[in-house]
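My structure is below; once you've seen it, I'll send some questions.
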Protein chains: 2
Amino acid sequence: MPSPVSIKDLATAAGVSHSTVSRAIRGAGRVSAATRARILTLAREMGYYPNEAARSLVMGRTKTIGVVVTTIGDPFVTQVVNGIEDAAHEAGYSVFLSSSRNQADREMAVVRVFRQRRVDAVIVTSSRVGSLYGDALAEFGVPIVLINSQHEGRYLYSIAVDDTQGAELAVEHLLQLGHRRIGHIGSETRSVSCKRRKAGYRQALARRAVTPDPSLSVLPQAANDLSAGRLGLEMLLPANPSAIFAYNDVIAIGALLEARKQGIAIPDQVSLMGFDDIEATEFVTPTLTTVRQPKADMGRAAVEMVLALLKGDEVSNRWLPGELVVRESTTACPW
Amino acid sequence: MPSPVSIKDLATAAGVSHSTVSRAIRGAGRVSAATRARILTLAREMGYYPNEAARSLVMGRTKTIGVVVTTIGDPFVTQVVNGIEDAAHEAGYSVFLSSSRNQADREMAVVRVFRQRRVDAVIVTSSRVGSLYGDALAEFGVPIVLINSQHEGRYLYSIAVDDTQGAELAVEHLLQLGHRRIGHIGSETRSVSCKRRKAGYRQALARRAVTPDPSLSVLPQAANDLSAGRLGLEMLLPANPSAIFAYNDVIAIGALLEARKQGIAIPDQVSLMGFDDIEATEFVTPTLTTVRQPKADMGRAAVEMVLALLKGDEVSNRWLPGELVVRESTTACPW
DNA sequence: CACCTCGGTACACACGTGTGCAACCAAACG
DNA sequence: CGTTTGGTTGCACACGTGTGTACCGAGGTG
């Protein structure tokens, strides 16, 4: 286990002072081309890699972004992190990944670790960002960007999908297929974005002068998983919808499974749409029509925002548009 | 943007030297209980968080693990990273996440970054670990643990699922259901584990004295995705199997979709199994019987191995057992 | 020739923390 | 009271890197 070669080792080997080496490596400063070339080849030969810890210490920055996720298992989070990592890598930043599991103690621990590590910025995906947690983050004093957060704060910046526009897109698609009795299954656990998607649903109906039927809009009391979709479908059936727009894909898939169980043909009897475009939409039968969230783009946008904030630029929150993805679960209204 | 409070600020505030503060914080060393308590409460009040970069510099370790994945999008990788992050967090380590995307230049860049950051160890998930890449990693001089790698090296440590045992489990399940003509769809792109699973398939058959039919074992020339499964099913149909064991879940789902397209009822006409237990197995219809890889456990095991290696312990490679998960896609042989 | 300029280099300090060693102090002991 | 002892604390250095400043030599100019 040979200890890594330091800038001093390199300096002695090259017969110069360590400061000359530093300038040669960084490319900045007045170093003769000859010396510079000699140092660079020597560095390669000796396998010199500048110690980022030391560099961070003197520069007062770590070139590091802390990313908090509730759980990496969430297929949505996964793609966002993908985009974050990609953009961070390009900008020369590294990513610390930590999951909070929605546990208060874990959240506090993550903040503490990030403070100790002196991350230059923090990106939080899909979290509630409880008040306690948010305060701790804000007091931290580094740029914080939230992605699809349920939190609306003054000192926090955010990137999110345009829930209203996305929902309008979805419902407009159903309207164009001739549907008029369009049901909506909401989500209790994600109230902010749920409210926005419901607003989009209403606006799309209003634009076509379809009077909304309250019995066509349900809010199952269940966790944000398949069961909410199953329950939602049951609640919706008495209202006799020809199409259903679910809050998200998981709920839509839950409704799909329940429909199959009850012998309801999708899309022949009822058209069905979700929101998010998770991977599983392609695995179910029929494949699920949905509104794609530009997940990787949202991750990239978060990094861009972080970089702008670090540069001291003024930035404002961004809402990225959703994109309609038509698959097999929607078809013309049979009536 | 107040710059973070340093150990010196705390020392002046407490009226002691910074070394006393250091000892008080770390708990080690001879400091009177009174002074210690005073410093600790003061630290809390002033919001002091020890700078890990400085600590790393003087301690010669970073309490950091570099994790390389091909892509975070892979649902398998996701769960492994989950386990890694969890175990690392418990041990006081932080995780640098980087994706290589199976691109040589990215792989080299990742190694370079990890060297600069002086990570204490590296964990690599599901990679080919090309020779170039592997050499660069080995020269790095820190413990390296591979998870489900296709690479067999002398200086590299590894954690993997027991492919042979898992495949035996799968085929034994089908045999118990009365199947005798059991087909197998392999994967070209992951030759090492594919070979092992095929061996397990053969051994299970041999134990029940079922003579293997070569036409029941196919190796579609396709990427490791749904299309391989579709192609595999087509290749297998002429051999008239009553059950199929696919190399993994994605391939099995591909076969499932193709079967539906061709009007073949699963499981009534043909039983179907995968391997891995990815999330989508619960979303397809029928839900997919499979062999679960203990993904999170594999991640945790990798961290344990890393910690042992850092302690200087002798360690040996580990194969974790797969676990049979029976769902709807398998049933008794109809013949 | 003296002076100035400018490119190249070294010296010294700083960043924040851990730690060996010496110094100090109080108490106990002779 | 002097000495020893043991527990607290400070001093100084180290870790690896960036950078302001000074030094030095060469070349140009008056």
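Letters A, B, ... mirror the listed sequences (proteins, then strands); counts begin at 1. Just so you know, these numbers use all the heavy atoms, side chains as well, and skip hydrogens, waters and symmetry mates. Computed from a predicted model, the values in this text were never measured in an experiment.
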- request: Give the rounded distance in Å between these two atoms: NZ of B:Lys8 and P of D:dG10.
  value: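 For the pair B:Lys8 NZ and D:dG10 P, the rounded distance is 15 Å.
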query: Shortest non-hydrogen contact from A:Pro321 to A:Asp162?
result: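 Shortest heavy-atom contact: CA-CB, 4.3 Å.
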B:Met59 CE to C:dT17 P, straight-line distance once rounded to whole Å: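 Rounded to whole Å, this separation is 13 Å.
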query: For A:Arg101, does the CZ atom have more than 12 heavy-atom neighbours from other residues, nucleotides or ligands under 6.0 Å away?
result: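 Enclosed.
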Would you tabulate the nitrogen or oxygen pairs shorter than 3.5 Å linking the protein to nucleotides 10-12 of chain C?
unit_1: C:dA10; atom_1: OP2; unit_2: A:Ser17; atom_2: N; d: 2.8
unit_1: C:dA10; atom_1: OP2; unit_2: A:Ser17; atom_2: OG; d: 3.2
unit_1: C:dA10; atom_1: OP2; unit_2: A:Thr20; atom_2: OG1; d: 2.8
unit_1: C:dA10; atom_1: N6; unit_2: A:Arg23; atom_2: NH2; d: 2.5
unit_1: C:dC11; atom_1: N4; unit_2: A:Ser19; atom_2: OG; d: 3.1

Heavy-atom donor-acceptor pair, B:Ser22 side chain to B:His18 backbone, under 3.5 Å: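 No; zero donor-acceptor contacts below 3.5 Å.
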- prompt: Do the side-chain N or O atoms of B:Tyr48 get closer than 4.0 angstrom to the phosphate oxygens (OP1, OP2) of C:dT17?
  reply: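 For B:Tyr48, the contact criterion (side-chain N or O under 4.0 Å from OP1 or OP2 of C:dT17) is met.
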- prompt: Within the distance-only criterion (no hydrogens, no angle test), does the side chain of A:Asp276 pair as donor or acceptor with the backbone N or O of A:Phe76 below 3.5 angstrom?
  reply: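 Flag not set: sc A:Asp276 to bb A:Phe76 has no pair under 3.5 Å.
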- prompt: What orientation do B:Phe114 and B:Phe96 show, parallel under 30°, tilted 30 to 60°, or perpendicular over 60°?
  reply: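 Correct class here is tilted.
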message: Can you identify which nucleotide, out of C:dT17, C:dA14, C:dG18, has its nearest atom closest to the A:Val58 side chain?
response: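 Of all the options, the side chain of A:Val58 is nearest to C:dA14.
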query: Do other residues, nucleotides or ligands put more than 12 heavy atoms under 6.0 Å from the CZ atom of B:Arg38?
result: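 Atom CZ in B:Arg38 is crowded, with more than 12 foreign heavy atoms closer than 6.0 Å.
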query: Which part of the nucleic acid, if any, lies within contact of A:Ser22, taking any heavy atom under 4.0 Å across all strands shown: a base, the sugar-phosphate backbone alone, or nothing?
result: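 A:Ser22: base contact, heavy atoms under 4.0 Å.
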message: Taking the minimum atom-to-atom distance to the side chain of A:Leu57, which one of C:dT17, C:dT19, C:dC15 wins?
response: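 Output: C:dC15.
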message: Using modelled atom types and a 3.5 Å cut-off, is there a donor and acceptor pairing between side-chain atoms of B:Arg118 and backbone atoms of B:Thr62?
response: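 Checking the backbone N and O of B:Thr62 against the side chain of B:Arg118, no donor-acceptor pair under 3.5 Å is found.
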task: Compare side-chain N and O positions of A:Arg26 against OP1 and OP2 of D:dT19 and report whether any pair is under 4.0 Å apart.
output: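 Yes, because at least one side-chain N or O of A:Arg26 sits under 4.0 Å from OP1 or OP2 of D:dT19.
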- request: Give the rounded distance in Å between these two atoms: OH of A:Tyr49 and P of D:dG16.
  value: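 It works out to 17 Å between those atoms.
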query: Can you find a side chain N or O atom of B:Thr35 that sits less than 4.0 Å from OP1 or OP2 on D:dT9?
result: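 For B:Thr35, the contact criterion (side-chain N or O under 4.0 Å from OP1 or OP2 of D:dT9) is met.
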field: B:Glu90/B:Arg300 ion pair, N-O < 4.0 Å
entry: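 So B:Glu90 pairs with B:Arg300 through a salt bridge.
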message: Treating B:Ser56 as the side-chain partner and B:Glu52 as the backbone partner, does any N or O pair qualify as donor plus acceptor under 3.5 Å?
response: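 Present.
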query: Bend angle of the helix from C:dC1-D:dG30 to C:dG30-D:dC1 from five-pair axes at both ends, rounded to 10°?
result: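 About 70° separates the two local helix axes.
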message: Any side-chain N or O of B:Arg55 below 4.0 angstrom from OP1/OP2 of C:dG18?
response: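 Yes, because at least one side-chain N or O of B:Arg55 sits under 4.0 Å from OP1 or OP2 of C:dG18.
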- request: Starting from the 5' end of DNA chain D, give me the residue, B:Ser32 or A:Ile7, whose nearest nucleotide shows up first.
  value: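 Here B:Ser32 is the residue nearer the 5' end.
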